[in-house]
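Every number for a ligand or one of its atoms is a count from 1 in the order of the listing.
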Amino acid sequence: MFKKLINFKFKTISQTIKFSYSLITNMDKKFPLNSVEETLELLKDQKLKFEVQYHDPIDTIEASKNILKKPLDSDFQKYIFPVNKFMKDKKDKDPDGGLYLLVQDPSQKVEFKQIAQILKIKDNLRLDLLYEKLGVTQGSVNPFALINNMKVKFLLDKTIYDTDSICIHPMKNVSSLYMKTADLLKLLKSRGVEPIIMDFGQGNSTACHKEEKDNKKQEKPEKHDKPEKHDKQKHDKPEKHEKPEKPEKEEINLENNNIVMNASDVEKLLVKENAKYEIQSHGKVIEKDLPNIIQAPKAPEFKNFVLGSNKFMRDKKSNSFYLLLHDVKHKVEYKHIAYLLGLKENPKLGDKEILKEKMNIADGGVNPFALLNSPSVKFLLDKVILDTGVVCVHPMDVCSSVFIKVSDLLKLLKLYGIEPVIMDFTTKVEHKEEVEEKNIPDKKGVEYPKEDKCFAKWYQQVITKSEMIDYYEISGCYILRPWAYQMWEFITAYFDKKIKEDGVENAYFPLFVSKNALEKEKEHVEGFSPEVAWVTKSGSKDLENPIAIRPTSETIMYPSYANWIRSHRDLPLKLNQWTNIVRWEFKNPTPFIRTREFLWQEGHTAHATFEEADKQVHLILDFYKHVYEELLAVPVIQGIKSENEKFAGGFKTTTIETMIPTIGKGIQCATSHHLGQNFSKMFGIKFESENMTNEYVWQTSWGLTTRTIGVAVMVHGDNKGLVLPPRIAPIQVICIPIIKTEDEKDGNKSKILNQIHDIFKSLKKAGIRSKVDDRDNYGAGWKYNYWEMKGVPIRLEFGINELKQLKVHLCCRDNKEKLDFAIQGLEKNVEDLLVKIQARMLEKAKVELNAIIKQANSNEELFKHITEKKMIKTMWCNTSECEDNVKKMVKETLVKINEANKLEKKKQEKSGNEEEEEVDITEITAKTLCMPLEQDTIPTNMKCFSCNLPAKKWVFWGKTY
Ligand code: 87F
């Protein structure tokens, strides 16, 4: 069985990258052994004794010695902490050949060169291959990982072999376990892993297989205590006659476990990971001089870059280390960092010794590649850098700088388990009390930062201040102002065209439905009945038969379908209607997202066969994905709803889902149902087939609502307001004349205005939606803020300088990129820029979505990820009982935590502390979002992450709206 697993498990690093940064639909493949839980399970299965301790990640043996408590069990008192070194024989060109894991006694100061000589290999410590070959990351290398790849040879230091017990990480360095060394060997043997014993003792280094050693073992008394220290000189510095090879220039230093020592190591890694980069050598410089020294990069894709500045910091309270990469132009304040990280006190610069020790860099040379040498240092990334997409940093030494795409840098770091914490320094440092007290916002900008704790307020301000929404006296109903309605028009036009190309026709069915008709298909309405709104009076007189307002139109349309469809020649029947819908929601209303009246399209088709209906369902699901990704620049996952979550009246519900990263909530974006023959049987929708038999039709229904707009606002908006993807922006370019007092005197005002109107006309002619804001009662600065708040993708500034040089100055809303273009041929450049903005907004949203997807292998892991606002993927049994149990577990645990928090809050209130946004906890739980259409293989015999049943499907879970 294991062989099979291993065959399927191994994939290349490049596949890993693809997985992480393409859409999330590809599931990460697992090794036989991935987690602490799985390892412990294995030990239990084999009835082996062990003692486990959980702790924060430990990177070094020294830390293990300090953090770990001595074993309680008397059986494990004579133990050893091994160091684990993963090597690849450089001479062996087979990617899976010449791989070694050496489990060594750290007190044996044995050089790599020496090991290489014994094994007759050209050694190379390859930490970058750790995940690919063993399924572990740096800091977590351990002998259990050998089970993941039998091609890796197991080298075992004799001192360890001779020591009674061993203390090792069970796959992850967040826990350690004590066990008998013999038991470990027994377990590994049962998986086909046999050690080669290495005797480094007293200079007579040899390697032999365990059998030979077993014989010797009888001759030698067993050693339990710590092995003796060897002659340091002998081992630290190999003697001349051992002919140590001169290290090749490019060779990575093997002694201190660092991955990158210098610029050439960085380059090697970049080449290996196919990352495009451009290096400039400039001699030693200090940061202050860098902006003058760095030349514009040659590659056009690096043109718009941020020059990075790095800070290595330490939070004394938690003893955490941080590396911040920020725009050199920003003066970053420590109190801002503390505020964004929620630290109790400001972090301090980390001292030089620690910098050298942890990351192997000298003061002044801090750079993000150094994180590879110490993944426990937290990586903080300035949002401006993420938004711009290209950064220029030192590759380990201060004599050169490298231009690299931020996405490539993040991919590389992710391979080593390093994920960025995005720091938005445009967020105002405010104490929450200040935030909360401002109930009446002033008329200027958006005052609440886009953060979890005040997300609803931020959203409410963005949609009102941008003039998308106005409030209405009936709760849950909102006015869609032209700025929002135009977005809906772009969406409807796009989708309408797509479905018409597929032969769908538009129609309109009445708003009202009788009680009889509505209840015809009881099962489907049952759960929804509290949401149905009824008209019960005309004037002051009660209606004899109250009528419902459509909550959906199955029961309104299908009686007509039964009349209209007679023969196979009437099929397929494909109708769609664009309407409003009323559902009397009781949960907290949110404009666009959950409202009592909303706009949508509902499509209803009837087909002769199951397969044809299924094809229709998936075609529409693809159109929905295109609406979100192509128009709204929001990445989505296509999938199938679980039995609990599907539309009860149908056979199968397909869906597109996404997450709002700021708040970690999943959201259903649109659904497309295969209704089977449920409705046709209920409404008698039959046809005579070509064979003259009477059959029930196969049906589909599908709907897309104004929720689309809310999702786009939530995903893209920032602290300044809306950020609109060009394809749904009512205005794509706002032209702002810059008129100074002297321009009026010099008579230039009219020239500027005339020219800017001509520019507008040429843009308009080219089909670019633009407008001149020539209101003279507002200044240019005010206009900048106003249009930024409304999310217009490009601001075009035009003043006397531009007039003189016959150019325009542009500023992009999404990443603040600034560009100058000649007036001549401007339309083409603007068109291209709009396309570029649209693409990079989607790309950025993809990176953000991918960053919050985490795999869970147990209820505990799922819950942890839920509280950390993640979207969680698990291998699942696909049963309703299991989903109910998980939901219950999450809800109960959340309620408990909430109760505890409330108590804590009460205490704080007494001491005058702040309040956070009120959240109705009863509305929150985790549920399955969908089983993605793109399913990766599930290993044979794999169990459900939560219960004991076999795992059948990959599924996504999350908190939901
Ligand atoms: C609320 C009240 C009454 C949803 C309701 O998804 C009935 C319903 O049937 C109801 N809320 N639904 C399910 C709607 C299913 C389906 N209808 C056509 C769609 C897409 C468009």
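Those atoms of ligand 1 that come under 4.0 Å of a heavy atom in P551, given as number and element, are 1 (C), 2 (C), 3 (C), 7 (C). Residue-ligand proximity, T671 to ligand 1, at heavy-atom distances under 4.0 Å covers atoms 6 (O). The ligand atoms of ligand 1 that sit less than 4.0 angstrom from a heavy atom of F647 are 9 (O), 13 (C), 15 (C). Atom numbering of ligand 1 starts at 1 in the shown order; those under 4.0 Å from a heavy atom of W600 are 18 (C), 21 (C). Taking every non-hydrogen atom of E531 and a distance limit under 4.0 Å, the qualifying atoms of ligand 1 come out as 1 (C).
Protein heavy atom at the shortest distance from atom 8 (C) of ligand 1 is F528 CD1, 3.1 Å. Of all protein heavy atoms, the one lying nearest to atom 19 (C) of ligand 1 is H673 NE2, 3.2 Å. If you check which protein heavy atom lies closest to atom 16 (C) of ligand 1, you get E554 OE2, 3.2 Å.
Relative orientation of the F683 and F679 rings is parallel, given thresholds of 30° and 60° on the angle between their planes. F647 and F528 have tilted rings, their planes meeting at an angle from 30° to 60° on a 0 to 90° scale. Using a 30° and 60° split on the angle between ring planes, Y561 and F509 fall in the tilted class, from 30° to 60°.
With a 6.0 Å cutoff to the six-membered ring centre and a 45° limit on the axis angle, R769 counts as a cation-pi contact of F490.
Of the heavy atoms in W702, only backbone atoms (N, CA, C, O) come closer than 4.0 Å to ligand 1.
Residues forming a side chain to side chain donor-acceptor pair (under 3.5 Å) with K515 (at least two apart in sequence, or on another chain): E519.
Residues K497 and E501 are paired through a salt bridge, judged by an N-O separation under 4.0 Å between the basic side chain and the carboxylate.
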